[in-house]
Amino acid sequence: MPELPEVEVVRAGLAPAVTGARIAAADVLDERALTRHDRTSGAFETLVTGARIDAAVRRGKFLWLPIGAERAIVGHLGMSGQILLRTPDHPGDDRHARIRLHLEHPEHGELRVDFVDQRTFGSLAVDRLVPTIDGEVAGFSADVTGEWARAIPTQVAHIARDPLDPAFSDAGFVAALARRSSGVKRVLLDQGVISGIGNIYADESLWAVRMHPEQQASSISARRSRELLAAVREVLAKALAEGGTSFDAQYVNVNGASGYFVHSLNAYGRAGLPCPRCGTPMVREPFMNRSSHRCPRCQRQRAPRRAAAAGA
DNA sequence: CCCAAAACCTGGCAGC
DNA sequence: TGCTGCCAGGTTTTGG
């Protein structure tokens with residue numbers, strides 16, 4: 001599923017092809033791909049047609065293409081979204097194609113950007129850019145010199161910086177864990193605290209530091225919190241280096257190729273298989289209408305804190 | 001503010 | 001073969 005590494009692979013692939021390109025036309029094939037588009041500002045097609053794309057920027061799992069200093073096309077891949085670069089004459093037989101952008105690039109000529117999404121949790125939208133709250137660069141992109149660089153789409157403004165962002169606050173993360181009473185995995189998945197982590201990399205990171213997903217966040221020491229953050233960074237960076245994680249071709253990069261990180265997973269999807277560290281069979285447990293994967297030996301839960309004078 | 005759970009959606013697959 | 005129901009899960013919304 002697309003988490004930070006997968007979205008970054010898409011962004012990096014898209015950037016050189018779309019930067020500087022003009023959008024000649026847009027086809028909306030399925031209105032459900034525009035659920036996050038606010039129509040009161042105008043129709044999607046009208047707003048993007050004729051616009052020039054200045055960059056491809058990412059924060060966490062959100063991706064956006066600034067079109068001028070005031071607006072951007074915001075994309076989220078949801079669970080099954082893909083953004084595919086194609087030649088203009090590519091057959092239009094894609095069953096799950098939702099939106100097509102026809103581009104004219106001064107150097108690369110004509111090309112097509114297809115937003116393809118089976119499960120329709122993903123979306124594109126035209127959104128307003130607003131200044132970042134801290135005045136820092138909004139997200140990751142090759143070029144940060146444009147007017148758009150320190151501006152963020154309103155839809156993304158509430159999303160925390162991701163752990164690979166130079167402006168991410170390690171101390172802020174430690175403090176956030178310290179004041180949360182819920183389980184640590186829930187906090188890792190909270191995009192308002194730290195962005196870019198989904199179910200796969202949460203399980204991988206927790207395995208790496210031998211932490212139980214339901215460990216109460218506030219019970220974790222500052223030192224252990226920093227170890228966890230370091231593990232998150234390591235896991236994300238490694239996945240990124242390997243081109244992202246994908247199963248059954250749900251996720252593909254802009255050229256349509258799958259990532260290879262699936263071969264490197266230590267916890268996710270390994271229920272019943274031996275823990276790569278100690279050999280104990282891994283378990284899968286229900287978690288927020290989905291699953292957690294962990295080693296029952298390496299990742300034991302510390303006794304939950306009890307209220308004072310509890311019991312009878 | 002904090003927390004938890006439901007809702008959104010499609011297609012693969014197991015089980016009958 | 002064909003039906004049913006579960007499962008995958010990121011984000012927003014809703015309710016407490």
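Computed from a predicted model, the values in this text were never measured in an experiment. Computation of the quantities below employed the complete heavy-atom set of this structure, encompassing side-chain atoms and omitting hydrogens, waters and symmetry-equivalent molecules. In what follows, chains are A, B, ... by sequence order, proteins preceding strands, each numbered from 1.
- When all heavy atoms of A:Pro274 and A:Arg270 are compared, the pair lying nearest together is O-NH2, 2.5 Å.
- The residues A:Glu110 and A:Arg22 are annotated as not salt-bridged, no charged nitrogen and carboxylate oxygen being separated by less than 4.0 angstrom.
- Contacts of A:Ser291 with the nucleic acid, taken as non-hydrogen atoms under 4.0 Å apart, involve only primed sugar atoms and P, OP1 or OP2.
- A salt bridge is absent between A:Lys61 and A:Asp162; no separation between the charged side-chain nitrogens and carboxylate oxygens falls under 4.0 Å.
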Could you run down nucleotides 4-11 of chain B 5' to 3' and tag each one B, S or - for protein heavy-atom contact under 4.0 Å? SSS-BBBS
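- Note: CG (A:Asn199) to C1' (C:dT11) measures 14 Å, nearest angstrom.
- More than 12 heavy atoms of other residues, nucleotides or ligands lie within 6.0 Å of CD in A:Glu285, so this atom counts as buried by the packing criterion.
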Could you run down the sub-3.5 Å N/O contacts of the protein with nucleotides 12-16 of chain C?
| from | atom 1 | to | atom 2 | distance (Å) |
| --- | --- | --- | --- | --- |
| C:dT12 | OP1 | A:Arg36 | NH2 | 2.8 |
| C:dT12 | OP2 | A:His158 | NE2 | 3.2 |

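- In terms of phosphate contacts, A:His76 brings no side-chain nitrogen or oxygen within less than 4.0 Å of OP1 or OP2 of C:dG10.
- Aromatic ring pairs are classed by plane angle as parallel below 30°, tilted from 30° to 60° and perpendicular above 60°; the pair A:Phe44 and A:His37 is perpendicular.
- Of the possible donor and acceptor atoms, one in the side chain of A:Asn199 sits under 3.5 Å from a partner among the backbone N and O of A:Ser291.
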Walk me through whether A:His96 and A:Asp117 qualify under side chain to side chain donor-acceptor pair (under 3.5 Å). CA-CA 6 Å; A:His96 302 301; A:Asp117 187 15; over 6 Å; no
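- Cation-pi geometry between A:Arg277 and A:Trp207 is met: the NZ or CZ atom falls under 6.0 Å from the ring centre, inside 45° of the normal.
- Distance A:Leu63 CG to C:dT11 C1': 16 Å, rounded to the nearest Å.
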